[in-house]
Amino acid sequence: MLVASAFDFSDHKAAAYAPQMTLDMYLAFPEDASKLIEVVDGWIVRCESAEPSHQAIQLNLLIAIREAARIRDRAKQSGHRVLGDMDVLIADSPKLHFRRPDVVVYRCIDDDRGRWGRKPIAADCLIAVEIVSADSITTDIRDKRAEYAAAGIPHYWIVRMTDNDGPAISVERLLLTSDGEYTREGLAIRDRDFRAINTISPFPLGLTWEALDEGL
């Protein structure tokens with residue numbers, strides 16, 4: 001006969017009483033651990049490793065957006081960086097709050113700005129993109145939408161996948177209005193629209209569904 005052993009709640013109790021994460025604590029965090037979390041109002045939010053389909057779409061978006069931003073910057077004599085999984089600081093006080101968009105476009109930062117270094121703050125960002133996974137539906141569609149709007153990020157793009165596991169099925173582009181709310185600027189749906197992204201705002205970009213799904 002098997003006897004079930006008592007469950008050890010000690011680690012869970014420790015987590016429940018753990019202090020809220022501060023910027024100093026986060027900067028002292030081991031790099032391999034810091035890549036696995038976001039911090040929302042001082043509380044650690046664990047980020048699961050993305051599935052291969054998610055990563056493929058993320059890479060395709062990053063490459064396409066980076067090239068479009070490069071062309072725009074060359075014409076406008078401006079400078080932007082396009083990166084994936086980059087910490088974006090929303091607030092460092094009274095409680096630390098940062099997110100890590102799947103793709104983010106932000107203005108180039110030449111000098112360190114205190115403890116956050118050369119990583120972007122929300123005011124630097126032009127576009128934040130999230131690819132919805134099975135474990136991030138509420139976070140990406142509701143929570144981050146509200147947070148990015150409140151932080152003043154002008155463009156928020158949400159990519160949905162078939163059964164939340166690829167291929168891409170829709171791309172919603174949201175634009176921040178003068179009243180601080182996002183309004184839908186465009187919605188592309190697979191089998192209805194030829195291109196997944198077809199926009200001139202904030203720069204010209206056209207991307208087919210096949211290009212978005214390459215590598216799946």
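This one's a predicted model, so the numbers in the text were calculated from it and none came from an experiment. Because only heavy atoms are used, hydrogens play no part in the values below, and waters and symmetry mates are left out as well, while side chains stay in.
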Can you list, pair by pair, the side-chain donor-acceptor contacts under 3.5 Å of residues 157-170, counting residues two or more places apart and other chains?
residue : atom : partner : partner atom : Å
Thr162  : OG1  : Pro167  : O            : 3.1
Asp165  : OD1  : Ser53   : OG           : 2.9

*asked:* The criterion is side chain to side chain contact (heavy atoms under 4.5 Å, CB included); which residues satisfy it with Asp179, sequence neighbours excluded?
replied: Thr177, Glu181

*Quick one: are Leu96 and Met25 in side-chain contact, heavy atoms under 4.5 Å?*
no

*List in chain and number order the residues that pass side chain to side chain contact (heavy atoms under 4.5 Å, CB included) with Ala68, two or more places apart in sequence or in another chain; answer none if no residue qualifies.*
Phe203, Leu205

*Who passes salt bridge (charged side-chain N to carboxylate O under 4.0 Å, His left out) against Asp140, sequence neighbours left out?*
Lys144

*By side chain to side chain donor-acceptor pair (under 3.5 Å), which residues pair with Arg72, not counting sequence neighbours?*
none

*What residues, two or more places apart in sequence or in another chain, satisfy salt bridge (charged side-chain N to carboxylate O under 4.0 Å, His left out) together with Asp24?*
Arg115

*Give the intermediate values and the outcome of salt bridge (charged side-chain N to carboxylate O under 4.0 Å, His left out) for residues Arg99 and Glu38.*
CA-CA 6 Å; Arg99 289 293 194 177; Glu38 294 175 325; 2.7 Å; yes

*Which other residues end up in the same hydrophobic cluster as Tyr106, if Ile, Leu, Val, Met, Phe, Trp and Tyr are linked when side-chain heavy atoms come under 4.5 Å apart?*
Leu83, Met86, Val88, Val104, Ile109

_Holding to ring-ring contact (aromatic ring centres under 6.0 Å, His included), I want the full list of residues that pass it with Tyr148, two or more places apart in sequence or in another chain._
Tyr156

_Once side chain to side chain donor-acceptor pair (under 3.5 Å) is applied, do any residues pair with Asp73, and if so which ones, sequence neighbours excluded?_
Ser78, His80

*asked:* For Ser201, give me all partners under side chain to side chain donor-acceptor pair (under 3.5 Å), at least two apart in sequence or on another chain.
replied: Glu185

*asked:* List the residues meeting side chain to side chain contact (heavy atoms under 4.5 Å, CB included) with Arg192, not counting sequence neighbours, and say none if there are none.
replied: Ile189

*Could you tell me which residues satisfy side chain to side chain donor-acceptor pair (under 3.5 Å) with Arg195, sequence neighbours excluded, listed by chain and number?*
none

